[in-house]
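Let me begin by presenting the structure, written as structure tokens, before commenting on it.
All values below come from the heavy atoms of this structure, side chains included, with hydrogens, waters and symmetry mates left out. Sequential numbering from 1 along the given sequence is applied to the chain's residues.
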Amino acid sequence: MTKAKFQPLTDLATPDAAEMEIRSRDFLELMKTRRTVRQFSDDSVPEAVIRNAVLTAGRAPSGANKQPWHFAVIGDPTKKQALRDAAEEEERAFYSGRASEEWLKDLEPFGTDANKPFLETAPWLIVVFRQMYGLDPETGAREQNYYVHESVGLACGFLIAALHQAGLATLTHTPSPMTFLNELCERPKNERAIMVVVTGRPASDAEVPVIDKKPLDEISSWFA
């Protein structure tokens with residue numbers, strides 16, 4: 001096994017404690033404004049913005065640096081329509097019997113249903129795949145990936161934060177099952193789609209439900 005090469009850490013800025021607090025508070029205030037949006041404008045968004053966000057997602061930590069993810073970025077209208085058609089077919093099955101009564105009741109306040117026009121309206125869809133195992137590019141042999149779910153979850157968090165920082169609205173869409181996305185996005189059998197990140201500018205009349213997040217004492221324990 002080849003030992004990894006190491007180099008001095010020189011790129012990480014280390015501000016003083018006061019500046020750290022300011023930065024952390026500023027980022028918190030920014031992320032407080034992130035909301036799940038279901039009404040999107042069809043206004044174009046530069047491809048470079050999406051590329052930068054995907055590259056940011058690719059900087060997420062991963063088990064043994066295997067980077068077990070793939071991002072299929074869709075802006076083509078025909079491809080978006082095909083994805084919407086397939087997703088809505090699964091959604092109709094979900095709402096008409098696949099979902100439990102409790103699940104449907106929990107969704108009622110948000111007014112969701114099987115219709116997903118945002119899959120066509122938003123300028124960009126990013127389908128996130130997890131690679132359950134790697135494939136050697138030369139031999140095709142299987143290669144072990146580690147902490148796949150955790151690694152891809154981290155990458156999705158990076159992606160959503162990057163899109164929000166750029167000023168874009170986002171929605172995480174999870175049709176179930178998502179197996180149709182492999183064929184639509186031409187992805188190999190070792191990958192499984194975990195979500196579609198819908199992104200673009202919000203529609204001028206977009207609305208979001210009045211909700212709140214749990215306070216600090218409900219989401220954390222401290223042993224300082």
Rounded distance [0.5 Å steps], [atom1] in [X] versus [atom2] in [Y]:
X	Y	atom1	atom2	value
Thr14	Leu9	OG1	CG	9.0 Å
Phe110	Arg38	CZ	CZ	7.5 Å
Ser24	Glu29	OG	CD	10.0 Å
Asp113	Arg92	CG	CZ	11.0 Å
Gln67	Arg59	CD	CZ	8.0 Å
Leu125	Asp76	CG	CG	10.5 Å

Any [X] side-chain heavy atom under 4.5 Å of [Y] side chain:
X	Y	answer
Met31	His164	yes
Phe94	Ser96	no
Arg84	Phe118	no
Leu181	Val196	yes
Phe129	Arg192	no
Pro61	Leu154	yes
Pro175	Glu91	yes
Lys214	Leu216	no

Can you get from [X] to [Y] by hopping between Ile, Leu, Val, Met, Phe, Trp and Tyr side chains that sit under 4.5 Å apart?
X	Y	value
Met132	Val152	yes
Leu119	Phe180	yes
Leu83	Phe71	no
Val54	Val45	yes
Leu163	Val128	yes

Considering non-hydrogen atoms only, spot the tightest contact between [X] and [Y] and give its length.
X	Y	value
His173	Ala87	NE2-CB, 4.0 Å
Tyr133	Asn145	C-ND2, 3.4 Å
Ser62	Ser151	CA-OG, 3.3 Å
Phe40	Gly200	CE2-N, 3.6 Å
Gly140	Leu135	O-CD2, 3.6 Å
Phe27	Ala161	CZ-CB, 4.5 Å

Verify, without hydrogens or angle tests, whether [X] (side chain) and [Y] (backbone) share a donor-acceptor contact under 3.5 angstrom.
X	Y	result
Arg187	Ala72	no
Asn182	Pro188	yes
Thr199	Trp124	no
Thr33	Leu30	yes
Gln39	Glu207	yes
Asp136	Glu143	no
His70	Val127	no
Glu88	Lys116	yes

Atom [atom1] of residue position [X] - does it have more than 12 heavy atoms of other residues, nucleotides or ligands inside 6.0 Å?
X	atom1	answer
Glu186	CD	no
Glu102	CD	no
Glu21	CD	no
Glu89	CD	no
Glu183	CD	no

State whether [X] and [Y] are salt-bridged, where the test is any N-O pair (Lys NZ or Arg NE/NH1/NH2 against Asp/Glu carboxylate O) under 4.0 Å.
X	Y	result
Arg51	Glu47	yes
Glu101	Lys105	no
Lys80	Glu120	no

side-chain contact (heavy atoms from CB on, under 4.5 Å) evaluation trace for Val197 with Leu171: CA-CA 6 Å; Val197 177; Leu171 165 71; over 6 Å; no
Thr112 side chain to Tyr95 side chain, donor-acceptor N/O pair below 3.5 angstrom: yes
Donor + acceptor pair across side chains of Ser100, Arg98 (<3.5 Å):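 No.
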Val37, Thr170, Leu168 screened by side-chain contact (heavy atoms from CB on, under 4.5 Å) with Pro202, the one that passes: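 When Val37, Thr170, Leu168 are each tested with Pro202, the side-chain contact (heavy atoms from CB on, under 4.5 Å) holds only for Val37.
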Worked verdict on Cys156 versus Thr172 for side-chain contact (heavy atoms from CB on, under 4.5 Å): CA-CA 10 Å; Cys156 288; Thr172 53; over 6 Å; no
side-chain contact (heavy atoms from CB on, under 4.5 Å) between Ile74 and Leu184, intermediate numbers included: CA-CA 10 Å; Ile74 302 173; Leu184 189 142; 3.9 Å; yes
Residues Ile126, Leu159; criterion side-chain contact (heavy atoms from CB on, under 4.5 Å); working and verdict: CA-CA 10 Å; Ile126 305 172; Leu159 176 63; 4.1 Å; yes
